[in-house]
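Here's the structure, in structure tokens; my notes come after.
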Protein chains: 2
Amino acid sequence: MKEKNHQYMKEAIKEAKISLKESGIPIGAVLVENKNIKGRGHNKLLQDDSTILHAEMDCIENAGRLKGVDYKKCTLYTTLSPCEMCSGTIILYKIPRVVMGENKTLKGPEEYLIENGVELINMNLDECKIILENFIQKNPDLWNEEIERVHD
Amino acid sequence: MKEKNHQYMKEAIKEAKISLKESGIPIGAVLVENKNIKGRGHNKLLQDDSTILHAEMDCIENAGRLKGVDYKKCTLYTTLSPCEMCSGTIILYKIPRVVMGENKTLKGPEEYLIENGVELINMNLDECKIILENFIQKNPDLWNEEIERVHD
């Protein structure tokens, strides 16, 4: 099980690195149903001026019009703890399991996910933290813009 | 105050009608800051095969990269009660006030919004219900596809 998590988290990290190459925020995600990657995506705040295309949202969007019965078999792998928007989407589509790379850089409403029956696994991976921390150190203004947008 | 709500709800209804003309689900929304419409949008499930562009999401996306201080002055007008995804987004960006056209056709997690300090106003407008109910009567399969996706 742990090995399988690593396999798909690597795909989420690949997405984070694609975003970095596009000069975007390096957060990535993949949606997996029975060993099949149904969707993949990354944060597009900077690439598309998008305030809704967080990695998880981009990934779910790219999965297309899945059926409800499919979402209920999926695991969402994301390099960072999901925010309120992404958590709401996970709950809307009843995605039962979320594997995150880390929650040190930013932590979403994990209790809210758990209360709604979502199984949460935090892999606490240095690689995910380092990619994002390096971006933040090099682009403090862009990161502060995002933090101002979503925090008190 | 009530007259102002009607003025902007009319704009949200215009968006719902634009969606209908595009053969889409007739749900619309506008985001208003100090009498200025910062964004407008409508459901794009059918037009774009989008599972994330609910009216509220499309509207917030179209508003662009607003600052956090701006979202905190906004009211979101939507023809239908916001779902879990849209509610999570409202909470993420701390939009303090939501005016909805109705919540009979579908009702989102209104308690969750209220618990998070969002002021909710339900205008309970027949016009919003009728537009959506007519669509559902004419397109039961499309509507049932969406309901299967988001409900148990």
Side-chain angles (χ1 to χ4, degrees), chain A residues 25 31 38-39 41 44-72 74 82-96 106 108-109 111-113 115-118 142 144-152, chain B residues 25 31 38-39 41 44-72 74 82-96 106 108-109 111-113 115-118 142 144-152:
Chain A
I25 296 176
L31 185 69
K38 307 294 281 188
K44 291 191 173 150
L45 174 72
L46 303 175
Q47 296 93 318
D48 293 357
D49 281 331
S50 175
T51 56
I52 68 166
L53 288 176
H54 285 187
E56 302 91 323
M57 302 295 289
D58 188 43
C59 165
I60 289 167
E61 177 75 337
N62 289 336
R65 283 160 67 175
L66 300 186
K67 286 180 183 283
V69 293
D70 290 315
Y71 290 113
K72 290 183 184 115
C74 282
C83 77
E84 284 84 352
M85 172 174 67
C86 300
S87 297
T89 308
I90 290 160
I91 291 167
L92 175 68
Y93 290 124
K94 299 182 182 61
I95 297 170
L106 217 58
E111 290 303 317
Y112 177 56
L113 283 170
E115 281 165 19
N116 279 276
V118 179
L142 291 173
N144 288 338
E145 178 202 312
E146 179 65 350
I147 293 301
E148 189 274 338
R149 190 177 291 115
V150 300
H151 272 64
D152 285 321
Chain B
I25 297 177
L31 185 68
K38 307 294 281 188
K44 290 190 173 152
L45 174 73
L46 303 175
Q47 297 93 318
D48 293 357
D49 281 330
S50 175
T51 56
I52 68 166
L53 288 177
H54 285 188
E56 301 91 324
M57 302 294 288
D58 189 43
C59 165
I60 289 167
E61 177 75 338
N62 289 336
R65 283 159 68 175
L66 299 185
K67 287 179 182 285
V69 293
D70 289 315
Y71 290 113
K72 291 185 183 110
C74 281
C83 77
E84 284 84 352
M85 172 173 67
C86 299
S87 296
T89 308
I90 290 160
I91 290 167
L92 175 68
Y93 291 125
K94 299 182 181 60
I95 297 169
L106 218 57
E111 291 302 320
Y112 178 56
L113 284 170
E115 281 165 19
N116 279 275
V118 179
L142 292 173
N144 288 339
E145 178 203 311
E146 178 66 349
I147 293 301
E148 189 274 338
R149 190 177 290 116
V150 301
H151 272 64
D152 285 321

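Note that the coordinates shown come from a computational prediction; the quantities given were computed from them, not determined experimentally.
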Minimum heavy-atom distance between [X] and [Y], given as atom pair plus value:
X	Y	answer
A:Arg149	B:Leu66	NE-O, 2.9 Å
A:Lys72	B:His151	NZ-O, 3.5 Å
B:Tyr93	A:Val150	CE2-CG1, 3.6 Å

*Among B:Ser87, B:Pro109, B:Cys83, B:Gly68, residue most engaged with chain A (heavy-atom pairs, under 4.5 Å)*: B:Gly68

*So, do B:Glu145 and A:Lys67 sit near enough that their side-chain heavy atoms are less than 4.5 Å apart?*
no

*asked:* Quick check on side-chain contact (heavy atoms from CB on, under 4.5 Å): which of A:Ile60, A:Asn62, A:Leu92 does B:Ile52 satisfy it with?
replied: A:Ile60

_Under 4.5 Å from any heavy atom of chain B - which part of A:Thr51_ = both

_Which atoms of A:Tyr71 approach chain B - backbone, side chain, both or neither, heavy atom under 4.5 Å_ = side chain

Just verifying a value: how many Å separate [X] [atom1] and [Y] [atom2], rounded to the nearest 0.5 Å?
X	Y	atom1	atom2	result
B:Glu84	A:Met85	CD	CE	15.0 Å
B:Asp49	A:Arg65	CG	CZ	5.0 Å
A:Thr89	B:His54	OG1	NE2	8.5 Å

*Which one of A:Asn116, A:Ile90, A:Asp70, A:Val69 has the most heavy-atom pairs closer than 4.5 Å to chain B?*
A:Val69

*Which residues pass the side-chain contact (heavy atoms from CB on, under 4.5 Å) test with B:Asp48, sequence neighbours left out?*
B:Lys44, B:Ser50, B:Leu53

